[in-house]
Amino acid sequence: MADGAPTTAEKAAEMDWDAAGRLLADAARGADDGEIFAEDSRTESFYWDDGRLKSASFDASQGFGLRIVAGERAGYGHASVLDTEAVARAAEAAAAVKLGHDGALNASPARVNRQLYRDFDPIETPGFTDKTDLLAEIDAYCRAKDPRVVQVAASLSGANRALTILRPDGAKLTDHRPLVRINVSVTVERDGRRESGSAGAGGREPYEVFIAPDRWKAMADEALRIALVNLDAEPAPAGEMDVVLGPGWPGVLLHEAVGHGLEGDFNRKGASAFSGMIGERVAAPGVTVVDDGTFENRRGSLNIDDEGTPTQRTVLIEDGILKGYLQDRMNARLTGVPATGNGRRESYAHRPMPRMTNTFMENGAHDPGEILSSLKRGVYAVNFGGGQVDITSGKFVFQCTEAYLVEDGKIKAPIKGATLIGDGPSALTRVKMVGNDLKLDEGVGTCGKGGQSVPVGVGQPTLYITGLTVGGM
């Protein structure tokens, strides 16, 4: 830290927590729940493109959000300062939600004594020049690997968030959340045709873990490999066919098409295709889907969620049977079930809602080679780009960024422009084989919901699904 600059702890101390606690307790009297969520955050990003540093940014912010919950209603006030006067005004505004309501405060979350990630500051180490020099080195490395490389883009981003959650009963919980990410994108050209490939990694670990030479070179090599594969890709076929999904990042399809439909708010309101189906079969036998925020150093992991509830392993679907939903405190209280540690928010300026952490399908019994060899004719989808999902119906459309045509169990030509079209509930029932090679993604996932974005993890083993619609070029 530079001389004279206040530490995160010193900034947080600017809040008079005793006074804030009294204001919160008074505002929450007669309510069902509430808290102050205070945050001190610093973020940075570096973007290298077209042979030079294109942008470098740094942002520092602090503030708090004060929430009062009465039944299904929530009052919320927030400010970008940490002082008692702002808390008083936010409390007055948020407390208006209690009009006509007489409730009893929900008990505070149980405390947890665990650290899933180290307390470090990615903003400070390594230094600015070290980071920009690395991006230049990545560019030079990729261009030297293959003469067909015409463009290289690389980025680094880091964040350091310190959180304090104050409850109306005086309970005070804290968390420190570092996060880093590195991405490499390579564009190649041959005979006037250009194709791209990208790779990345990240998590709640220091930059040094990801920018060690063997690690970043592996990412650069992977980005180049995908670009060269796409350079030889043929137009994708169209029609209904069987699909094998590769392990790891293809779990984003599970996250979007199934995971959102298992969040507690959608199900309490009857807006999900899975509403009211606990105890019923919603997937093929052998399909088990889990959300787990307790993995060490993972992008989607948290010591506590943004309401102070410890994260946990939550089995959503077990052997094809729906077991439960992801819950924040409000939806858990309204439906009479325990909170699962999935109350998340983008920042102090946002209200919490049920969100995923690390969501994945567990291992099955089949060898991935056996799965692929059983595919007579279809698509082997190794990697995905963007997608769209309708939560109510579960219908999805996903773009494949690396995929292959398979005939008689053998991988044939790579294909370009393939989209997978279907709906989550039906796709789960069409799972024919589940591999034994579970892999989590490399730590690049970001989830959007209700205008908020949060870091998440996804994963799955190799998966055989029958009868998906493949859209081609």
Side-chain angles (χ1 to χ4, degrees), residues 148 188 190-191 193-199 221-254 256-258 283-287 361 363-387 395-424 426-439 441 458-473:
R148 291 168 288 185
V188 295
R190 184 183 65 201
D191 298 330
R193 175 176 173 178
R194 289 193 172 197
E195 298 291 347
S196 299
S198 62
D221 291 345
E222 177 67 1
L224 177 58
R225 183 195 67 80
I226 295 172
L228 293 175
V229 165
N230 288 330
L231 202 58
D232 293 324
E234 302 174 355
E240 185 175 293
M241 60 187 71
D242 294 355
V243 175
V244 172
L245 305 177
W249 179 247
V252 68
L253 190 151
L254 179 77
E256 295 288 0
V258 177
V287 172
M361 185 181 296
N363 269 328
H366 296 277
D367 179 83
E370 172 195 0
I371 294 176
L372 199 56
S373 65
S374 69
L375 181 60
K376 297 305 178 186
R377 187 178 189 278
V379 170
Y380 178 38
V382 179
N383 226 327
F384 285 121
K395 292 181 178 179
F396 61 79
V397 178
F398 275 89
Q399 179 74 40
C400 299
T401 56
E402 183 184 359
Y404 302 85
L405 185 65
V406 177
E407 293 180 351
D408 295 323
K410 297 186 182 300
I411 295 177
K412 299 296 184 180
I415 55 177
K416 180 184 178 183
T419 57
L420 301 185
I421 305 169
D423 69 88
S426 293
L428 285 181
T429 65
R430 295 179 180 179
V431 173
K432 182 179 178 181
M433 304 171 78
V434 181
N436 58 11
D437 58 339
L438 169 62
K439 179 183 177 183
D441 77 289
V458 301
Q460 66 173 43
T462 298
L463 203 62
Y464 188 134
I465 304 177
T466 63
L468 287 182
T469 299
V470 178
M473 296 184 68

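Index from 1, following the sequence.
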Participant: With sequence neighbours left out, write down each residue that passes salt bridge (charged side-chain N to carboxylate O under 4.0 Å, His left out) with Glu402, or none if nothing qualifies.
Facilitator: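 Partners of Glu402 by the salt bridge (charged side-chain N to carboxylate O under 4.0 Å, His left out) criterion, ordered by chain and then number, come out as Arg225.
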Participant: Find the distance between CD1 (Ile411) and OG (Ser373) and round it off to the nearest 0.5 Å.
Facilitator: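 These two atoms lie 11.0 Å from each other.
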Participant: Would you name the heavy atoms of Ala236 and Gly417 that are closest together and state the gap between them?
Facilitator: CB-C, 4.1 Å
Participant: Has Asn230 got a side-chain atom pairing as donor or acceptor with Ala233's backbone, closer than 3.5 angstrom?
Facilitator: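 Looks like no, no N/O pair under 3.5 Å.
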Participant: Going from CG on Leu228 to OG on Ser196, what distance comes out if it is rounded to the nearest 0.5 angstrom?
Facilitator: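 If I round to the nearest 0.5 Å, the distance is 11.0 Å.
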Participant: Which residue is it: Thr469, Leu468, Thr466? I am looking for the one with a side-chain contact (heavy atoms from CB on, under 4.5 Å) to Val243.
Facilitator: Leu468
Participant: To the closest 0.5 Å, what do you measure between CG (Asp441) and CZ (Phe384)?
Facilitator: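 Asp441 atom CG to Phe384 atom CZ measures 13.5 Å (nearest 0.5 Å).
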Participant: Go through the structure and list residues passing side chain to side chain donor-acceptor pair (under 3.5 Å) with Arg194, not counting sequence neighbours.
Facilitator: Glu189
Participant: Any side-chain heavy atom of Leu428 within less than 4.5 Å of one from Val258?
Facilitator: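 Yes. Closest side-chain heavy atoms under 4.5 Å.
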Participant: Can you tell me how far CG of Leu405 sits from NZ of Lys412, rounded to the nearest 0.5 angstrom?
Facilitator: 9.0 Å
Participant: Tell me every residue that passes side chain to side chain donor-acceptor pair (under 3.5 Å) with Asp232, counting only those two or more places apart in sequence or in another chain.
Facilitator: Arg190
Participant: What pair of heavy atoms forms the shortest contact from Pro414 to Tyr404, and how long is it?
Facilitator: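 Nearest heavy atoms, Pro414 then Tyr404: CA-CD2, 3.6 Å.
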Participant: Residues two or more places apart in sequence or in another chain: which of them pass salt bridge (charged side-chain N to carboxylate O under 4.0 Å, His left out) with Asp221?
Facilitator: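 Once residues adjacent in sequence are excluded, the partners of Asp221 under the salt bridge (charged side-chain N to carboxylate O under 4.0 Å, His left out) criterion are Lys145.
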Participant: For Asp437, enumerate each residue passing the side chain to side chain donor-acceptor pair (under 3.5 Å) test, keeping only those at least two apart in sequence or located in another chain.
Facilitator: Thr462
Participant: Under the side-chain hydrogen bond (donor to acceptor under 3.5 Å, both in side chains) rule, what pairs show up with a residue in residues 241-253, not counting sequence neighbours?
Facilitator: Asp242-Tyr464
Participant: Does any non-hydrogen side-chain atom of Leu463 lie less than 4.5 Å from one of Val431?
Facilitator: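 They are in side-chain contact.
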Participant: Looking only at heavy atoms, which two atoms of Pro247 and Lys439 are closest? And how far apart?
Facilitator: CB-CB, 4.0 Å
Participant: Hey, could you give me the CG/CZ distance between Leu253 and Phe396, rounded to the nearest 0.5 Å?
Facilitator: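 Here the interatomic distance stands at 4.5 Å.
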Participant: When you compare the side chain of Cys400 with that of Leu420, does any pair of heavy atoms fall below 4.5 Å?
Facilitator: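 Contact flag for Leu420/Cys400 side chains = yes.
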